Amino acid sequence: MANQAPQQVSLTRIYLDPENPRHETLPDEPSIIKHLVSKEKVRALAKSIAEEGGTSPIELVALVQHPKVKTGYVVVEGNRRICALKLLQDPDKAGSEKEKRYFANLAQGMPHAINKVNAMVFDSRDAARRWFALRHEGEQD
């Protein structure tokens, strides 16, 4: 079960999910970022976030405790949003110089940096799965 209310969680404590259903298991965060930028339209999402000054206020990120980092969390819902926010916060995480410039230019146009996100923290992936399955699969039994 999730904690009672959303929490403000620092981006520096959030790790992208190497086992996200959108892609095969990837070994590390740079590989995940590269995949999400090249295959999952993170550039367009980051542009939208930069233009709006944030993510949608009606969508929360879902997190679980990181298995190895004591104060860390892994994203189980919202991997693309967290990736976009990480790249706006630190464009050097982008793979190529072209990508670094793209995200740096977007970040410069933002009214303020986004360092925290509203998130629901779940006890486990299984506890969160019910909710993100409902969101992505709807009434598909």
Side-chain angles (χ1 to χ4, degrees), residues 1-140:
M1 177 116 191
N3 292 339
Q4 278 76 347
Q7 300 177 33
Q8 285 269 304
V9 179
S10 171
L11 279 175
T12 60
R13 295 176 59 201
I14 301 174
Y15 295 81
L16 297 174
D17 186 4
E19 299 174 17
N20 189 286
R22 287 184 176 268
H23 54 73
E24 69 279 357
T25 299
L26 295 168
D28 53 30
E29 195 151 281
S31 300
I32 298 167
I33 290 171
K34 182 178 179 182
H35 173 82
L36 292 175
V37 170
S38 67
K39 305 279 191 226
E40 299 292 340
K41 300 181 179 155
V42 167
R43 286 173 58 112
L45 180 55
K47 183 175 188 237
S48 173
I49 291 169
E51 289 172 350
E52 294 296 326
T55 59
S56 170
I58 63 171
E59 292 186 16
L60 294 174
V61 172
L63 306 172
V64 294
Q65 203 63 49
H66 194 287
K68 296 178 182 169
V69 179
K70 186 175 183 175
T71 62
Y73 299 96
V74 176
V75 181
V76 293
E77 175 62 25
N79 226 31
R80 292 176 60 245
R81 281 176 279 157
I82 294 301
C83 181
L85 289 167
K86 284 177 171 274
L87 290 168
L88 291 168
Q89 184 183 58
D90 184 0
D92 285 339
K93 290 182 184 268
S96 68
E97 289 304 315
K98 179 182 175 184
E99 296 294 348
K100 290 176 186 178
R101 283 191 305 276
Y102 178 81
F103 291 104
N105 287 336
L106 289 178
Q108 286 176 350
M110 293 178 66
H112 56 84
I114 300 170
N115 299 313
K116 293 184 177 185
V117 296
N118 287 322
M120 290 300 291
V121 177
F122 289 86
D123 294 333
S124 67
R125 284 180 185 269
D126 285 340
R129 184 170 287 119
R130 172 179 182 235
W131 300 106
F132 61 79
L134 183 63
R135 174 187 169 107
H136 292 287
E137 298 167 11
E139 294 184 27
Q140 298 178 17

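Just so it is clear, the structure is predicted and the values come from calculations on it, not from any experiment.
Taking every heavy atom of both residues into account, V9 and A119 meet most closely at CG2-CB, 4.3 Å. Of all heavy-atom pairs spanning I49 and L85, the tightest one is CG2-CD2, 3.8 Å. Here the closest heavy-atom approach between residue S31 and residue P27 is recorded as OG-CG, 3.7 Å. Shown here for P91 and K100, the closest heavy-atom pair between the two residues is O-CG, 3.3 Å. Shown here for V76 and D17, the closest heavy-atom pair between the two residues is CA-OD2, 4.4 Å. The nearest pair of heavy atoms linking P6 to L60 is CG-CD1, 3.8 Å.
Residue K34 holds its NZ atom at 10.5 Å from CG of L26, rounded to the nearest 0.5 Å. To the nearest 0.5 Å, the span separating CD on E99 from CD on E97 amounts to 10.5 Å. Put simply, CG on N105 and CE on M110 are 13.5 Å apart, with the number rounded to the nearest 0.5 Å. Summarising the geometry, atom CG belonging to L87 is positioned 4.5 Å from atom CZ belonging to F103; distances are rounded to the nearest 0.5 Å. Note that CZ of R13 is 9.0 Å distant from NZ of K116, once rounded to the nearest 0.5 Å.
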Step by step, work out the side chain to side chain donor-acceptor pair (under 3.5 Å) result for N118 and Q7. CA-CA 6 Å; N118 287 322; Q7 300 177 33; over 6 Å; no
Assess the residue pair E59 and E77 against the criterion (side-chain contact (heavy atoms from CB on, under 4.5 Å)); give the C-alpha distance rounded to whole Å, side-chain angles, the decisive distance to 0.1 Å, and a yes or no. CA-CA 10 Å; E59 292 186 16; E77 175 62 25; over 6 Å; no
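Using a distance-only test at 3.5 Å, with no hydrogens or angles considered, a donor-acceptor pair links the side chain of R80 to the main chain of E40. The backbone N or O of D123 lies less than 3.5 Å from no partner atom in the side chain of Q65, so there is not a single donor-acceptor pair.
When side chains are defined from C-beta on, V74 counts as touching P67, because their heavy atoms get closer than 4.5 Å. In this structure the side chain of E29 reaches within 4.5 angstrom of the side chain of K93, judged on heavy atoms. The shortest side-chain heavy-atom distance between I114 and Q89 does not fall under the 4.5 Å cut-off. Using a 4.5 Å heavy-atom cutoff, the side chains of N79 and L36 are in contact.
For the side chain to side chain contact (heavy atoms under 4.5 Å, CB included) test with L11, the passing option among V117, D90, L88 is V117; the others fail.
Annotation: ring pair (Phe, Tyr, Trp, His ring centres under 6.0 Å) contacts involving residues 9-36, sequence neighbours excluded, comprise Y15-H66, H23-H35.
Judged as a ring-ring contact (aromatic ring centres under 6.0 Å, His included), and not counting sequence neighbours, Y102 has no contacts.
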